[in-house]
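Atoms considered below: every heavy atom in the structure, side chains included; atoms not considered: hydrogens, waters and symmetry mates. Sequence lines set the chain letters: A, B, ... in the order given, protein chains first and strands last, and positions in each chain run from 1.
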Number of protein chains: 2
Amino acid sequence: MGMTIKEIAKLAGVSKSTVSRVINDAEHVSDKARKKVQQVIEETGYIPNSIAKDLKRNSTNSIGVIVPRINTSTISSAVEGISNIMYDNGYNLLLTNTRLDIKEEIKYLELLKEKRVSGILFFATELTSKHLETLNKIDLPVVVLGQDISEIVDFPCVIHDDFNSAKDIAKYLVKQGHQRIAYIGVQEYDIAVGQLRKKGYAEALTENNLEVPEEYLYKGDFSINSGYEGMKEIIESSRQLPTAVFAVTDSLALGAIKYLKERDYQVPEDISVVGIGNSDISSWITPELTTVDYDHLKAGEEASKILLKYITGDKFKGKLLMDYHIIERESVKKI
Amino acid sequence: MGMTIKEIAKLAGVSKSTVSRVINDAEHVSDKARKKVQQVIEETGYIPNSIAKDLKRNSTNSIGVIVPRINTSTISSAVEGISNIMYDNGYNLLLTNTRLDIKEEIKYLELLKEKRVSGILFFATELTSKHLETLNKIDLPVVVLGQDISEIVDFPCVIHDDFNSAKDIAKYLVKQGHQRIAYIGVQEYDIAVGQLRKKGYAEALTENNLEVPEEYLYKGDFSINSGYEGMKEIIESSRQLPTAVFAVTDSLALGAIKYLKERDYQVPEDISVVGIGNSDISSWITPELTTVDYDHLKAGEEASKILLKYITGDKFKGKLLMDYHIIERESVKKI
DNA sequence: GTGAAAGCGCTAACAC
DNA sequence: GTGTTAGCGCTTTCAC
């Protein structure tokens, strides 16, 4: 194993330089020499060592990706989009998975720097001051996905329009005649989902002079089960039942619907439900879920394009808000 | 940017070797020198260049992963399992995505060799002779996931027990009294899903002296929609309706159920449905799907452990069949 | 068109 | 305990 350029040179009866030129399709090589070298490479199955090349060039064609988990449809779709763009531009992906451990993010930021990646795509969750410190001294192009931190740190962010999309679909519910709209959300340490979507919901209701009793508000985690539990709690604790439920994710909406079905409430006849995300299954459950379409794959692609430009010195300022649109399906009744 | 060990040495008033020793927690460094070096590293924010280190040591702590797509729950779960084990053992993941393009697999095999990864985890789909040729000359530890090619190429394979699990769940259907069992599958170029699961289904029926009319057999792709279309075709073309449907994946089962609901067939009262895979949503749809549980995360973990041993010279022979078990839920009626 | 030589940033004998 | 030195495998001037 471990053929080197030197050995190839020897076998082909030329110098290392000539072999290098052949490998890199450079000019100034006679046909004869080129043929000979190619033949030797073919015979020996020589594969160049890109570590050495990278060291010499002082740059790798790798992009670091930091995710909190890989097996969610949101993230894996974004990573699919990232790989589309990056591979087309000759970059590889160094994937690091923090498994939801915030401290690991800092470790991976440094690890990727050690590996001398050309840039980093960072799926942010929660940002501590330690993060900002590390981010600021990393001295590497970074694009942040999923959270808007463009105000506190000088890196481009690619985010979904959580506030406006939440507000729009809440307004849609009001427009369909709903006045009592419950809320199933997540903890507020998650800015995008926990805070912004809730704010959109709240603002839509306030603007329509609608009040929300405390019993209509539930906060859990991101699991389907949390939607189930949330719906249960709302139903059990409400003196007057809501006519609609606003769930901050499709998974939560799915859990809510599950509970309603079990208790023989008809969706949407008795209670309407909306989600956010347009997940794969949202159109395959019964009733089909009315939701907001976020294009995660495209978000991954856009973030990649921004990073690529950033690497070449053309830095995008501020944040890119992704498009969204409401998908009307069957889970909302007009009353 | 680009601090080097040399500059740190100069600033700390010691030699490169001493700095190297400090970085690598080696012995034979005085407390005084160590303190001084650490201080300079802290002040300058120096981060070692692991490219240079890797070149010197002639090995990287990276593992190559080749997937046909990343945004499927099956694959992303396996990758999650892989990252669990690999990170715990100090390895990073170099992720390559062929986007279902078989030719890319060969390209990536070579790319990963160039990158001098320590080993490769290869999610195989279809294997051509060109693949085998590349695989054989790659001279790197490789573990294959998803397809059993342990007979044709000398690499460990980690696979689900497609044949037996399919046979078992088909037998389960028979045991519940079903005699007319339709089949919704995928093309046979996919050995594991297309051939093995079908064979399991067929054998279960034959052993019970059950015959299958041609109209009960449908082959599509892996999409939910394909399950929908398959169910439609079976219903429309059958003179006598089946009492049960065997779908080779949960997605296909989901599509089938969707169609049945739309046409007002009750599941399982009118027609029973089973899937394979125990996907996230299988327990959240109505009715909850009876299916076979495959633990993809664990498959990723097991494959990683095998690769790790392989790298240290301890090669696993043949194939590892993963456990499975039938999950009885609500989509099958006893008749 | 081709080769010799320097050097990318690091590690690891080896000498002191 | 510390520094000097010789590479790791490659690219890239610079001569010729």
Side-chain donor-acceptor pair present, A:Ser83, B:Asn97, cut-off under 3.5 Å: yes
Interatomic distance, A:Ile8 CD1 vs D:dT11 C1' [rounded to whole Å]: 17 Å
Set of residues satisfying ring pair (Phe, Tyr, Trp, His ring centres under 6.0 Å) with respect to A:Phe122, sequence neighbours excluded: none
Crowding at CG, B:Asn24 (>12 non-hydrogen neighbours, <6.0 Å): yes
Residue pairs, two or more places apart or on separate chains, that pass salt bridge (charged side-chain N to carboxylate O under 4.0 Å, His left out) and touch residues 80-104 of chain A: A:Asp88-B:Arg99, A:Arg99-B:Asp88, A:Glu104-A:Lys107
Qualifying salt bridge (charged side-chain N to carboxylate O under 4.0 Å, His left out) pairs, either residue in residues 56-67 of chain B, two or more places apart: B:Asp54-B:Arg57
Spacing between B:Lys115 atom NZ and D:dG9 atom P, to the nearest angstrom: 17 Å
For DNA chain C, the residues among residues 12-26 of chain A that have a non-hydrogen atom under 4.0 Å from it: A:Val14, A:Ser15, A:Ser17, A:Thr18, A:Arg21
Residue pairs, two or more places apart or on separate chains, that pass salt bridge (charged side-chain N to carboxylate O under 4.0 Å, His left out) and touch residues 141-150 of chain B: B:Asp148-B:Lys319
Start and end of chain A contact along DNA chain C [non-hydrogen atoms, under 4.0 Å]: C:dG1 to C:dG9
First encountered from the 5' end of DNA chain D, between B:Lys32 and B:Arg116: B:Lys32
Under 3.5 Å: donor-acceptor pair, side chain of B:Thr60, backbone of B:Arg116: yes
Residues which pass ring pair (Phe, Tyr, Trp, His ring centres under 6.0 Å) with A:Phe123, listed by chain and number, not counting sequence neighbours: none
Could you list the donor-acceptor pairs under 3.5 angstrom formed between side-chain atoms of residues 301-310 of chain A and any protein atom two or more places apart in sequence or on another chain?
| from | atom 1 | to | atom 2 | distance (Å) |
| --- | --- | --- | --- | --- |
| A:Glu301 | OE2 | A:Asn84 | ND2 | 3.3 |
| A:Ser304 | OG | A:Gly300 | O | 2.7 |
| A:Tyr310 | OH | A:Lys315 | NZ | 3.2 |

Enclosure of A:Glu43 CD (heavy-atom neighbours >12, cutoff 6.0 Å): yes
Atom pair CG/CG of B:Leu94 and A:Leu94 - distance to nearest 0.5 Å: 6.0 Å
All stems with DNA chain C, defined as three or more consecutive Watson-Crick or G-U pairs under 3.5 Å: C:1-16 with D:1-16
With A:Phe155 via ring pair (Phe, Tyr, Trp, His ring centres under 6.0 Å) - residues at least two apart: none
Residues within residues 43-63 of chain A bordering DNA chain D, heavy-atom distance below 4.0 Å: A:Tyr46, A:Pro48, A:Asn49, A:Ala52, A:Lys53, A:Lys56
Non-neighbouring partners of B:His296 that pass ring pair (Phe, Tyr, Trp, His ring centres under 6.0 Å), sequence neighbours left out: B:His160
